[in-house]
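Presented below is the structure to which this report refers.
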Amino acid sequence: MFLAMRAEVEEALTAALDRLGYPTDDLGIEEPPEDLDAVLASSVAFRLASEAATPPPAVADELADAIDAGPQEYIGRVETRGPYLNFWPSERYFAETLAEAQSGEFGTLPDRETSVVVEHTSANPTGPVHVGRARNPIIGDALARVLEYAGYDVERHYYVNDAGRQIAVFTWAYDFFDEADLPEPERESPEYEMVRYYRAANTYLEEEADEESVEAAEAEIQSIMQGLEEGDESAYDRVGEVVDTVLGGMRDTLERLPAEFDEFVKETRFMRDGSTDEIIDRLKNTEYAVYEDDAWQLDLPEIDKNLVFVREDGTSLYTTRDLAHHEWKFDNFDEAVTVLGEDHELQARQLRSALEILGNDTDRLGTVHYSWVTLPEGGMSTREGTGIDLDDLLDEAIDRARQEVEDRLEDRIRDDDLSEEDIDRIAHQVGIGAVRYDIVSKQPTKGITFEWERALDFEAQSAPYVQYVHARASGIIAEAHDENAVDPDGLDIDVDASDLDTDAERTLLREIARFPAVIEEAAEDLQPHVVATYTRDLAEAFNTFYRECPVLDADDETRDARLALVVAARHAVGNALDAVGVQAPDSM
RNA sequence: GGGCGCUUAGCUCAGCUUGGACAGAGCACUUGGCUUCGGACCAAGAUGUCGCGGGUUCAAAUCCUGCAGCGCCCA
């Protein structure tokens, strides 16, 4: 109802301004400070004061009178406080919020009939997924979920860099080294087994081999790359075997988050189908193309650095192939969103600019950048084998969560004997949830230094705090279910929201009402972290309500109204967690 | 050298896109609350040169500009 109320406030304010002969271009809509339980406010009076030659508070009063005159559904009353206009919700606002949130779909916005492809992770298939890049699948998956809630038709893609030099080196190494000479893998999983060849190759080329051996290896690596460039099927097969094996293992790790993909799109696909060559031809014919230092470049407007799109040796570059990739996205989807590390910032700007030059509407392209997770001693590298594997982080998180559950087992008030399976389930939900929540709740552009204690802190403003609210709400509903056979997914009782008249109940209902607007904002700005911030506010409102308002022991009318409120809160908190990819346990 | 990003309480972070009501949370610290639906909770207290300087404005954490520290990028 928040969205509807905001629309109504905008309309009423515009009409009032119009009637009084004021400009309506800037309504100054904002949210009121916390000590006011109004839902919306406006500071427009400040801006009109000089024009009206009247002090702001007087203008505000004048506007309030003008608005009062009109008919309203969700605006209960308008009051001024100094120069500010504050809008209080009507009884109907609360009643409809309560009714709307009885649905398990609460927070899902109407279908936009717009398809969007979310590309995320896209890490080079060279070895185990490490924590340095772990923000990508977590942010990317949350973003995809938020967009689905916002009514988009979403596909998740992983773009596989299978054409770069690193992969050619890897392919050469896979043939060159004998497994017997390699160290034991850190885990029994394909990517851990395979990365040994990759690391051995880099050590060999950089430190161990004599000049002659390096030359021989380089010749082989070059021939693999040339083979790909020329469409040699045997080169694709050799590279494909290595890439698919490593990727298979990485995929298993990502599924633990869970981050799943609808499609793994290979870079070589756009070499094989000729679209990269076509892009090169078209770029050469644009007015921005220059031939300098034996390479074809684009002299992009507003970007100092030229974009090289054909190398000296005639081969294409990563970005050239990515241009073909993006035109393919534009052919198949209405919008495209990409989650990229901060190191791709320049590339992304060049890509956008080049796509524009090629005649594409780049408003359809959205980009989210995130900073690395680093260790106190520095960055993480697959090649050097420095860093924390995501598998290890998740294992540790689950172990610590399990320990936490077991420690709390004795002083549980609720006598619902947890089985071994329950403990295992909770450990997974809480452990993985805590990791995801910690990452998704921060702005992606801020750097994170990884520290075990901090990453696995279950107190703080963390997932378990919010998950606990869901478990509490579920507990109450289950109990009510036992007593009255109510449907836990929505109460079919005739409920009057006006029975919910304490501050705690009203505050909770106002928080619940905001959820769809939060989804809309997160989707619009591609910022899933605002949903995480919201879950905390909602959880806090619920806990205050929980403390002050007994549900099952209240008199019949109040009990039914409060039960409906608990159902609504459960849907809001459950779906908000779901939107950022954190599981909502029914018990913990 | 050039470009992009970050800097808010002792610590971890919201708020900045669209300037507006005393800058908000959590952790840690002090205190109170379990015969009551789940204490991974609630309530109260204390905590700030919003990196530094200048500018625009009735009004700046928010916009512009210079600088510093850190991170990243420049076939």
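Only heavy atoms go into these numbers, but all of them, side chains included; no hydrogens, no water, no symmetry mates. Chain letters run A, B, ... following the sequence lines, proteins first, then strands; residues in each count from 1.
Residue Ile426(A) is the one, among Arg311(A) and Ile426(A), whose nearest nucleotide of RNA chain B lies closer to the 5' end (criterion: closest heavy atom).
For the P atom pair drawn from G24(B) and C50(B), the interatomic distance equals 14 Å after rounding to whole Å.
Comparing C74(B), C41(B), A75(B) against the side chain of Arg472(A) picks out C41(B) as the nearest. Among the nucleotides A40(B), A75(B), C37(B), the one closest to any side-chain atom of Arg408(A) is A40(B). Here G71(B) is the nucleotide among C37(B), G38(B), G71(B) with the atom lying nearest to any side-chain atom of Glu342(A). Comparing A21(B), C6(B), G38(B) against the side chain of Arg81(A) picks out A21(B) as the nearest. Relative to the side chain of Glu404(A), the nucleotides G38(B), A40(B), A75(B) differ in distance, and A40(B) lies closest. When distances are taken from the side chain of Thr445(A) to each of C37(B), C42(B), C6(B), the shortest belongs to C6(B).
For Phe542(A), the ring pair (Phe, Tyr, Trp, His ring centres under 6.0 Å) partners at least two apart in sequence or on another chain are Phe545(A). Looking at residues two or more places apart in sequence or on another chain, you find a ring pair (Phe, Tyr, Trp, His ring centres under 6.0 Å) between His120(A) and Phe261(A). With sequence neighbours excluded, the residues that form a ring pair (Phe, Tyr, Trp, His ring centres under 6.0 Å) with Phe450(A) are Trp452(A).
Heavy atoms of Asp294(A) sit nowhere under 4.0 angstrom from any nucleic acid atom. The residue Ala41(A) sits close to a base: some heavy atom pair falls under 4.0 Å. Across all strands, Pro32(A) comes closer than 4.0 Å to base atoms (heavy-atom distances). Residue contacts shown for Leu36(A) include a base, since a base heavy atom lies under 4.0 Å away. Counting non-hydrogen atoms under 4.0 angstrom, Val405(A) reaches a base of the nucleic acid. Among the atoms of the strands shown, base atoms are found under 4.0 Å from some heavy atom of Asp293(A). Residue contacts for Asp313(A): at a heavy-atom cut-off of 4.0 Å it reaches no nucleic acid atom on any strand shown. No contact: Phe309(A) has no heavy atom under 4.0 Å from any strand.
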Identify the pairs formed between an N or O of the protein and an N or O of nucleotides 14-20 of chain B at a distance under 3.5 Å, and give each distance.
from, atom 1, to, atom 2, distance (Å)
A14(B), OP1, Gln443(A), N, 2.5
A14(B), OP2, Lys446(A), NZ, 2.8
G15(B), OP1, His529(A), NE2, 3.0
G15(B), OP2, Gln443(A), NE2, 2.9
G20(B), O3', Tyr84(A), OH, 3.4
G20(B), O2', Tyr84(A), OH, 2.4
G20(B), N7, Ser43(A), OG, 3.4
G20(B), N7, Arg47(A), NH2, 2.9

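Considering only side-chain N and O atoms, Tyr465(A) lies under 4.0 angstrom from the phosphate OP1 or OP2 of C42(B). Dashed line: the shortest gap from a side-chain N or O of Arg349(A) to OP1 or OP2 of C74(B) is not under 4.0 Å. Look at Asn543(A) and you'll find a side-chain N or O under 4.0 angstrom from OP1 or OP2 of C42(B).
Counting only N and O atoms by type, the side chains of Tyr22(A) and Glu62(A) include a donor and acceptor under 3.5 Å apart.
Salt bridge absent: Glu79(A) and Arg81(A) never bring a charged side-chain N and a carboxylate O closer than 4.0 Å.
Residue pairs satisfying the salt bridge (charged side-chain N to carboxylate O under 4.0 Å, His left out) criterion with at least one member in residues 295-310 of chain A, sequence neighbours excluded, are absent.
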List the atom pairs, donor and acceptor, that lie under 3.5 Å between side-chain atoms in residues 428-443 of chain A and the rest of the protein, sequence neighbours left out.
from, atom 1, to, atom 2, distance (Å)
His428(A), ND1, Asp424(A), O, 3.0
Gln429(A), OE1, Arg425(A), NH1, 2.9
Gln429(A), NE2, Gln583(A), OE1, 3.2
Arg436(A), NE, Gly581(A), O, 3.1
Arg436(A), NH1, Leu257(A), O, 3.0
Arg436(A), NH1, Pro258(A), O, 3.0
Arg436(A), NH2, Asp141(A), OD2, 2.8
Tyr437(A), OH, Ala532(A), O, 2.8
Tyr437(A), OH, Thr535(A), OG1, 2.8
Asp438(A), OD1, Lys442(A), NZ, 3.0
Ser441(A), OG, Tyr437(A), O, 2.8
Ser441(A), OG, Asp438(A), O, 3.4

